[in-house]
J.: 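Would you mind keeping the following structure in view while I ask a few things?
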Protein chains: 2
Amino acid sequence: MTEKVGPNRRMGPVGSEIWHSMLDSAEDILREEGHAALTSRRIADRLGVKQRLVYYYFHTMDDLIVAMFRRSLERDLARLEEVSKAEMPLRQLWEICFHSHDARLISEYMALANTLVDLRQEVISFIEKSRDIQIAAINKTADRQTTNPKLPASAIALMATSIGLSLNREEQLGVKSGHVEAFAVLNEFLSVLES
Amino acid sequence: MTEKVGPNRRMGPVGSEIWHSMLDSAEDILREEGHAALTSRRIADRLGVKQRLVYYYFHTMDDLIVAMFRRSLERDLARLEEVSKAEMPLRQLWEICFHSHDARLISEYMALANTLVDLRQEVISFIEKSRDIQIAAINKTADRQTTNPKLPASAIALMATSIGLSLNREEQLGVKSGHVEAFAVLNEFLSVLES
DNA sequence: GTCTATACACCGATAGAC
DNA sequence: GTCTATCGGTGTATAGAC
């Protein structure tokens, strides 16, 4: 599993225990201290190892960031797919969308994606895949919709996700205006689709 | 207008021409190259002056960032207030929300606000003020709403802004799923409120 | 697998001259 | 108002030993 990179640079195995530990630490740093603190030295410090070791497991810091995002992306998609097998999955999907994501982490990834091309590709891929899962779930309940005219499933998926993101973000910031009201609207809509 | 800071540090006038030029450059850098490139040296380079001068006009880089955000915040709020004087301002408000903001710049500010306390305060203030303006505008058209039950203005404001943000961001990323459909839904809703 | 040691670039911030 | 000069710190990434 070891791999060569530079002229004299060996690489460690992908997916090993310490490989995961490093991504765990990186994620904690990104969430707790932000992108400016996400450095190879601080990751190593958290684990009690030397900085050099980070570069044994990841070619560059950019690669580490992409690997970190892709790992959580795969976990999230697996969860969405699992939940959407249920008879009436919309409420659970909404719970995942709203509760299981850290708004701060998301905003850090979004900013990083502006300059990191490979990460941007992963972000796009995640949005498209999760939307497809949501659309399929919403379509299961299409005949229960009472709005006139009926709303396309893709529009519902996009709008619900958008609102979830903002509610999440604003709650973390401490903004409250409109939140109770928006929750009520969404709850009513969900009740119509899933008794 | 000059002001003292450290023991031997003079400060330049706030609001002068070069003060604005520096914020303009900073904004360009943030939009085009991201937060990692937003340094005093690069700002100076863009203007053809020396790095030291940036610290003549701003105490710290954090102060510069806050000043930069506050300046655009004030411009935006003034525009929102101006537009909302119209008889039927909702379409114009929506246009501003959707078209006049650079999604990339917003995401950089959001990430910076995670770690920069003063910036976070400005962001919160902006969200609350702009929401209040929107709510007032929506309330003007309350009697035209046909949904049952009627949606609270604060919920409409939050939801519309959220969807606008996401549409904007996703269009810039290149994601298309659900966009045409969501636009149609919003357009229909706007048509009901403003013939 | 983990380490020491190191090259080299860049950053924030300041003192003080012109 | 703008400059030269500089300090101390931190970052990425590599070579090569144990």
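Naming convention: chains lettered A, B, ... in sequence-line order (proteins, then strands); numbering from 1 in each chain. All values reported here derive from a predicted model rather than from experimental measurement.
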J.: When the nearest nucleotide of DNA chain C is assigned to L53(A) and to Y55(B) on a heavy-atom basis, which residue is associated with the more 5' position?
T.: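 Result: L53(A).
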J.: Between H35(A) and H35(B), does a side chain to side chain contact (heavy atoms under 4.5 Å, CB included) hold up when you go through it step by step?
T.: CA-CA 9 Å; H35(A) 52 260; H35(B) 53 257; 3.3 Å; yes
J.: Would you work out how much the helix from dG1(C)-dC18(D) to dC18(C)-dG1(D) bends between its ends, with each end axis defined by five base pairs, to 10 degrees?
T.: 10°
J.: Please check if any side-chain donor atom of N168(B) sits under 3.5 Å from a side-chain acceptor atom of R104(B), or the reverse.
T.: no
J.: Using heavy atoms to find the nearest nucleotide of DNA chain D for A36(A) and R52(A) separately, return the residue whose nucleotide is more 5′.
T.: A36(A)
J.: When the distance from CE of M22(A) to P of dT2(C) is rounded to whole Å, what number comes out?
T.: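 Going from M22(A) (CE) to dT2(C) (P), I get 7 Å.
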J.: Side chain to side chain contact (heavy atoms under 4.5 Å, CB included), that's the test. Do Q51(A) and V54(A) meet it? Break it down for me.
T.: CA-CA 6 Å; Q51(A) 181 235 4; V54(A) 175; 5.6 Å; no
J.: Tell me: CE of M61(A) to C1' of dT14(D), nearest whole Å?
T.: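 It works out to 16 Å between those atoms.
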J.: Looking across every strand, which nucleic acid part, if any, lies under 4.0 Å from Y57(A) by heavy atom: base, sugar-phosphate, or nothing?
T.: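 Sugar-phosphate, no base atom in range.
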J.: On DNA chain D, does the nearest nucleotide to G48(B) precede the nearest nucleotide to T60(A) from the 5' side, or the other way round? Give the residue.
T.: G48(B)
J.: Round to the nearest Å and state the distance from W19(A) atom CH2 to dT2(C) atom P.
T.: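 Interatomic distance, CH2 of W19(A) to P of dT2(C): 16 Å.
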J.: Please state how far atom CE in M11(B) lies from atom C1' in dT2(D), giving the value in whole angstrom units.
T.: 14 Å
J.: I need the NZ-P distance between K50(A) and dT6(C), as an integer number of Å.
T.: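 So the two atoms are 15 Å apart, to the nearest Å.
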J.: Taking atom types as they are modelled, would you say the side chain of R41(A) forms a donor-acceptor pair with the base of dT10(D) within the 3.5 Å cutoff?
T.: no
J.: Kindly determine whether M22(B) and L53(B) satisfy side chain to side chain contact (heavy atoms under 4.5 Å, CB included), including the steps that lead there.
T.: CA-CA 10 Å; M22(B) 284 180 178; L53(B) 206 57; 4.1 Å; yes
J.: In this structure, how many angstroms lie between the P atom of dG12(C) and the CG atom of D62(B), rounded?
T.: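 Atom-to-atom, D62(B) to dG12(C), this comes out as 10 Å.
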J.: Give the rounded distance in Å between these two atoms: NE2 of H35(A) and P of dG11(D).
T.: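 Rounded to whole Å, this separation is 13 Å.
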J.: What verdict does the side chain to side chain contact (heavy atoms under 4.5 Å, CB included) test give for V14(A) and Y57(A), after you've listed the backbone C-alpha separation in whole Å, the side-chain angles of each residue and the deciding distance to 0.1 Å?
T.: CA-CA 7 Å; V14(A) 170; Y57(A) 287 97; over 6 Å; no
J.: Could you please name the option among dC3(D), dT14(C), dT2(C) that lies closest to any side-chain atom of I18(A)?
T.: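 Nearest listed nucleotide: dT2(C).
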J.: Thinking salt bridges, do R71(A) and E27(A) make one under a 4.0 Å N-O criterion?
T.: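 Salt bridge present between R71(A) and E27(A).
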J.: So, E32(B) and R46(B), do they make that salt bridge, N to O below 4.0 Å?
T.: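 R46(B) and E32(B): salt-bridged.
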J.: Tell whether R10(A) reaches the base of dT14(D) with its side chain through a donor-acceptor pair below 3.5 angstrom.
T.: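 In this structure, the two groups form no donor-acceptor pair.
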J.: Please report, rounded to the nearest Å, how far the C1' atom of dT6(C) is from the CD atom of Q51(A).
T.: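 Going from CD in Q51(A) over to C1' in dT6(C) covers 11 Å.
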